[in-house]
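See structure below.
Convention: sequence-line order gives letters A, B, ...; per-chain numbering from 1. Computed over heavy atoms, backbone and side chain alike; hydrogens, waters and symmetry mates excluded.
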2 protein chains.
Amino acid sequence: MKSSRSATARTYDFPRPAVTVDVALFRPTAPGTHVRLELLLIRRDLPPFRGDWALPGGFVRENEDLPEAAGRELEEEAGLKQVVLYQVGAVGTPGRDPRGHTVTVLFVGLSRNPGVLSAGGDATSADWFVVDELPKLAFDHAVLVTAARASLRERVEDIRFLQDLLPAEFTLAELQGLTEAVLGTELDVRNFRRKVREAVVATGGVRREGAHRPAQLFRFARGKSRR
Amino acid sequence: MKSSRSATARTYDFPRPAVTVDVALFRPTAPGTHVRLELLLIRRDLPPFRGDWALPGGFVRENEDLPEAAGRELEEEAGLKQVVLYQVGAVGTPGRDPRGHTVTVLFVGLSRNPGVLSAGGDATSADWFVVDELPKLAFDHAVLVTAARASLRERVEDIRFLQDLLPAEFTLAELQGLTEAVLGTELDVRNFRRKVREAVVATGGVRREGAHRPAQLFRFARGKSRR
DNA sequence: TGGCTTATTGTGGAGTCAACAATAAGATGG
DNA sequence: CCATCTTATTGTTGACTCCACAATAAGCCA
């Protein structure tokens, strides 16, 4: 065992778990109606769970950092680039992968402009699913999704977390709808506005759409967030 | 080999990062004077960083769960059993281990009764160090310690996190000293007592020690915590 | 009894939070 | 022009949380 930790031990002399990353990437549906969260899933092209839907992910390569691996898998399997990801944690329960012991590091992200999905790698197709109506998932990915959603809810307590998901100018109704989608609950209009008051500034512009009072446009304020 | 094995073999076809666990186990110094936090470190018996102090930890075995591996390393390298550990997260920066790419999953814990340390495994000795006066650490363990302390500070916001660190009956001064040690800051006596008021109940007993008013003894209340 | 040491307790102010409804601005159709 | 419709916008109150702050209580001892 000691030799296994020597400098030459890159030829491993005992079985070890493999490291994977999995990505729970969410996006909001189009604003206007009730915004909902959708989750990116890929359909597995290989056993086990061939044909089932799963989170994008895969094995971490030698000398590849964890966020880097997560981004790469997202691009390979779904064609998405430059998505900001956050680590949720590691899961290594024995038996979670029938092929053998794997330890996965879960990442979560919110995607603004999903672009065009293009399945590749181990995936035959990639698609978005409303989070409340997910299909049966491969491996223990249902558990991972639950953890990812909890992580999102914590992060969105700082409203700037949503900054990258909105265009430079947006209405407060859009910001609130997005927040509600992430939290999965509805928020009081006045309380929400007071809460974000110091994080946004009005640009002076308005947006007219429909037979009602136009909405003011806002942008995120510069500076550090508080809370 | 059958295809089910080929899937496994695929994971071994190219070099992959290894999975390790590291444990940042803290303990409070004896109550009475200013309580301080100490960190358990082991002295490495093997290169790299031979002779340096490091967090207990090591490779995760096949079909071993992550918390299990962390507990095993703690026992092998320091002789400590049955310590409750919490996951902080995974770190896999390439170059963090000069032997090759490793992904480590960091755990944090607070030890009540440290028992007797007995170095073993890859460690020549094990000892406790006041967290503000740590020696130079192997690998990136200084970074891991910082992350572990931040994790502790978050968890102690629920005072019940400290439940296992105190005897069945304790004084509020002891509880406060412990909290302050974990937070690294001092707290106002009255605010602290009000805050924990609903989490503890007086047992009716008192403890006399010294030329001053005796302290009431408390125990943790049953039931779910709020906050 | 006076002095020392630590334990114990409450109040006021600032800030945060959630619950609550009425008015404003524009579009549309009669 | 007026009524109506739709969404945008705005304030107040009370409950609660948080922090800062100091005086008294109880025991020991010289």
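Taking atom CZ of residue Arg197(A) and atom P of nucleotide dT16(C), one finds them 12 Å apart after rounding to whole Å. To the nearest angstrom, C1' of dT10(D) lies 14 Å from CD of Gln176(A). Rounded to whole angstrom, the span from the CZ atom of Arg193(A) across to the P atom of dA22(C) amounts to 18 Å. To the nearest angstrom, P of dA25(D) lies 19 Å from CG of Leu172(B). Nucleotide dT7(D) holds its P atom 14 Å from the CD atom of Glu174(A), rounded to whole Å. Remark: P of dT7(D) and NE2 of His34(A) are 10 Å apart, rounded to the nearest angstrom. At whole-Å resolution of the value, CZ in Arg213(A) and C1' in dT28(C) are 19 Å apart. Remark: P of dT8(C) and CG of Leu175(B) are 12 Å apart, rounded to the nearest angstrom.
From one end of the helix from dT1(C)-dA30(D) to dG30(C)-dC1(D) to the other, with five pairs defining each end axis, the axis direction shifts by 20° (rounded to 10°).
Contact record, Val88(B) with Ala148(B): CG2-CA, 4.4 Å, taken as the closest heavy-atom pair. Considering every non-hydrogen atom in both Val108(A) and Phe26(A), the closest pair reads CG2-CE1, 3.7 Å. Summarising the geometry of Val182(B) relative to Arg149(B), their closest heavy-atom pair is O-NH2, 4.1 Å, with the distance given to 0.1 Å.
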### Task
Show your working on side-chain contact (heavy atoms from CB on, under 4.5 Å) between Val143(A) and Thr93(A) and close with a plain yes or no.
CA-CA 12 Å; Val143(A) 175; Thr93(A) 316; over 6 Å; no
### Task
Take Phe139(B) and Arg44(B) through the test side-chain contact (heavy atoms from CB on, under 4.5 Å) and record every step on the way to the result.
CA-CA 11 Å; Phe139(B) 304 103; Arg44(B) 289 180 56 79; 3.4 Å; yes
### Query
Step by step, would you call Leu106(B) with Asp22(B) a side-chain contact (heavy atoms from CB on, under 4.5 Å)?
CA-CA 5 Å; Leu106(B) 176 63; Asp22(B) 286 302; 4.2 Å; yes
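The salt bridge (charged side-chain N to carboxylate O under 4.0 Å, His left out) check on Glu68(A) picks up nothing, with sequence neighbours excluded. Among residues two or more places apart in sequence or in another chain, the salt bridge (charged side-chain N to carboxylate O under 4.0 Å, His left out) test is passed with Arg208(B) by none. Scanning for salt bridge (charged side-chain N to carboxylate O under 4.0 Å, His left out) contacts around Asp127(B) gives an empty result, with sequence neighbours left out.
In this structure the side chain of Val201(B) reaches within 4.5 angstrom of the side chain of Arg219(B), judged on heavy atoms.
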Pairwise N/O distances under 3.5 Å, protein to nucleotides 28-30 of chain D:
none

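Exactly one residue among Asp164(A), Leu162(A), Leu178(A) makes a side-chain contact (heavy atoms from CB on, under 4.5 Å) with Leu110(A). That residue is Leu162(A).
With the nearest nucleotide of DNA chain C identified for both Arg194(A) and Pro214(B), Pro214(B) has the one nearer the 5' end.
Of the residues in residues 177-191 of chain B, those with a non-hydrogen atom less than 4.0 angstrom from any atom of DNA chain C are Val189(B), Arg190(B).
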